[in-house]
Amino acid sequence: QLDPSPPSILLCTVHTPRHLVQCSSLSNKSKLYACGLDDSSVRMWSWLPAVTDHVTTDSTSCDSRILRGHSGPVYGLSFSTNGQYLLSSSEDTTVRLWDTNTSTCQVSYQGHCYPVWDVTFSSVDGYFVTSSYDRTARLWSTEFVYPLRIFAGHEESVEVAQFHPNGNYIATGSTDRTCRLWDINTGNCVRLYTGSKQAITTLSFSPFGRQLVTASQDGTITLWDLSSTR
């Protein structure tokens with residue numbers, strides 16, 4: 001029998017009345033929260049203990065910062081494991097690396113030909129994956145401005161890409177209604193999962209990497225066994 005789940009507690013409500021929120025991300029220790037907006041900016045908040053007369057209280061205060069540099073809506077965000085960096089992907093075809101301490105852009109990565117829908121840091125800091133309308137996913141290192149691998153095989157836009165927990169594989173979901181598993185070392189597709197009736201919009205691995213779950217636009221959630229194609 002499963003233990004009862006702890007109660008959910010609302011930490012904060014973020015309002016952006018003038019702009020649409022396209023994506024959001026929470027840092028590893030929940031100290032930072034970021035939203036990508038349709039006005040090409042990234043809004044970032046940090047929750048810090050409130051200090052009154054040099055005494056720390058239990059209440060929190062929000063420090064808000066605006067990161068500007070993209071020239072199109074921001075569709076993807078991902079924090080590094082240590083929270084020092086934030087990646088953002090945009091309709092302007094670029095990915096930007098931001099220093100969360102100084103709120104400055106460190107690098108602009110170019111390579112995709114069309115909007116970049118998603119970006120995800122690996123658990124091994126320094127590597128990240130992107131997915132794009134150009135029908136590819138790409139593996140990058142923060143040390144280089146060009147991609148290390150290009151994963152090509154989908155027939156339509158690649159909506160999402162995620163790292164396997166062991167860091168050796170990448171899963172991609174596409175509007176061609178398929179999900180693919182790629183070997184990072186070779187760049188080859190090692191699994192092809194078909195059967196979804198509409199575009200796959202999101203996916204996630206189980207904690208130990210034995211299963212993969214995908215969700216599609218028709219509201220269907222599918223659980224895949226990675227040891228097979230079922």
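- From Ser132, atom OG reaches atom CZ of Arg138 across 7.0 Å, with rounding to the nearest 0.5 Å.
- Remark: Gln211 CD to Leu226 CG distance equals 7.0 Å, nearest 0.5 Å.
- Side-chain N or O atoms of Ser174 include none that pairs as donor or acceptor with a backbone N or O of Thr178 at under 3.5 Å.
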Run the side chain to side chain contact (heavy atoms under 4.5 Å, CB included) test on Ser103 and Met44 for me, step by step, so that the C-alpha distance in whole Å, both residues' side-chain angles and the decisive distance to 0.1 Å come before the verdict. CA-CA 9 Å; Ser103 302; Met44 186 170 63; 4.2 Å; yes

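- Proximity of His70 to Ser89: side-chain heavy atoms (C-beta onward) are nowhere separated by under 4.5 Å.
- Clustering ILVMFWY residues whenever any of their side-chain heavy atoms sit less than 4.5 angstrom apart, transitively, puts Trp117 in a cluster other than the one holding Val158.
- In this structure, a donor-acceptor pair under 3.5 Å is present between the side chains of Ser64 and Arg43.
- Rounding to the nearest 0.5 Å places SG of Cys23 at 11.0 Å from CG of Asp38.
- Between the side chain of Ser90 and the backbone N or O of Gly72 there is at least one donor-acceptor pair closer than 3.5 Å.
- A 4.5 Å side-chain heavy-atom check between Val107 and Thr142 finds every atom pair outside the cut-off.
- When all heavy atoms of Ala161 and Thr120 are compared, the closest pair comes out as O-OG1, 3.2 Å.
- Using a 4.5 Å cut-off on side-chain heavy atoms (C-beta onward), Arg68 and Asp39 make contact.
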Go through the steps for Cys179 and Leu203 under the test side chain to side chain contact (heavy atoms under 4.5 Å, CB included), then give the verdict. CA-CA 9 Å; Cys179 176; Leu203 55 81; 4.1 Å; yes

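- No donor-acceptor distance shorter than 3.5 angstrom exists from the side chain of Ser196 to the backbone of Gln198, with no hydrogens or angles considered.
- Residues Phe205 and Phe208 are members of separate hydrophobic clusters, defined by side-chain heavy-atom contacts under 4.5 angstrom among Ile, Leu, Val, Met, Phe, Trp and Tyr.
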Could you go step by step and tell me if Phe79 and Leu32 meet the side chain to side chain contact (heavy atoms under 4.5 Å, CB included) rule? CA-CA 9 Å; Phe79 282 99; Leu32 296 170; 3.7 Å; yes

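- Atoms OH and CG, from Tyr169 and Leu212 in turn, are 13.5 Å apart once rounded to the nearest 0.5 Å.
- Shown are His154, Glu159, Glu155; of these, the side-chain hydrogen bond (donor to acceptor under 3.5 Å, both in side chains) with Ser157 is made only by Glu159.
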Leu87 vs Phe121, test: side chain to side chain contact (heavy atoms under 4.5 Å, CB included). Steps then yes/no. CA-CA 8 Å; Leu87 285 168; Phe121 257 120; 3.5 Å; yes

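- Other residues, nucleotides and ligands contribute at most 12 non-hydrogen atoms within 6.0 Å of the CZ atom of Arg135.
- Taking hydrophobic clusters as Ile, Leu, Val, Met, Phe, Trp and Tyr residues chained together by side-chain heavy-atom distances below 4.5 Å, Tyr127 does not share a cluster with Ile150.
- Interatomic distance, OG of Ser88 versus CG of Leu77, reported as 6.0 Å (0.5 Å rounding).
- Under the side chain to side chain donor-acceptor pair (under 3.5 Å) criterion, Ser78 pairs with no residue at all, not counting sequence neighbours.
- The shortest distance between side-chain heavy atoms of Ile184 and Ile170 falls below 4.5 Å.
- The shortest side-chain heavy-atom distance between Thr172 and Val160 does not fall under the 4.5 Å cut-off.
- When all heavy atoms of Ser40 and Pro73 are compared, the pair lying nearest together is OG-N, 4.0 Å.
- At a threshold of 4.5 Å between non-hydrogen side-chain atoms, the residues Thr94 and Val116 do not count as touching.
- Shown here are the ring pair (Phe, Tyr, Trp, His ring centres under 6.0 Å) partners of Tyr133, two or more places apart in sequence or in another chain: Tyr114.
- Taken together through direct or relayed side-chain contacts under 4.5 Å among Ile, Leu, Val, Met, Phe, Trp and Tyr, Val124 and Leu148 form part of one hydrophobic cluster.
- Listed by first and then second residue, the salt bridge (charged side-chain N to carboxylate O under 4.0 Å, His left out) pairs involving residues 81-109 amount to none (not counting sequence neighbours).
- Partners of Asn188 under the side chain to side chain donor-acceptor pair (under 3.5 Å) rule, at least two apart in sequence or in another chain, are Thr186.
- Residues forming a side chain to side chain donor-acceptor pair (under 3.5 Å) with Thr104 (at least two apart in sequence, or on another chain): Thr102, Gln106.
- Criterion: ILVMFWY side-chain heavy atoms under 4.5 Å apart, direct or through other members. Under it, Leu97 and Val119 are part of a common hydrophobic cluster.
- For the residue pair Thr130 and His112, a side-chain donor N or O sits within less than 3.5 Å of a side-chain acceptor on the partner.
- Between Trp182 and Phe151, the angle of the ring planes lies from 30° to 60°, which puts this pair in the tilted group.
- Asn82 is not listed as a side-chain neighbour of Asn28, based on a closest heavy-atom distance of 4.5 Å or more.
- Panel note: side chain Arg65, backbone Thr100; a donor-acceptor pair is recorded below 3.5 Å.
- Using a 4.5 Å cut-off on side-chain heavy atoms (C-beta onward), Phe128 and Ser122 make no contact.
- Annotation for Ala34 and Leu86: closest pair CB-CD2, 4.0 Å, computed over non-hydrogen atoms.
- Between Tyr33 and Ser24 the shortest heavy-atom distance is OH-CB, 3.3 Å.
- For the side chain to side chain donor-acceptor pair (under 3.5 Å) test, residues two or more places apart in sequence or in another chain that qualify with Glu156 are Thr175.
- To the nearest 0.5 angstrom, Tyr146 atom OH is 12.0 Å from Tyr109 atom OH.
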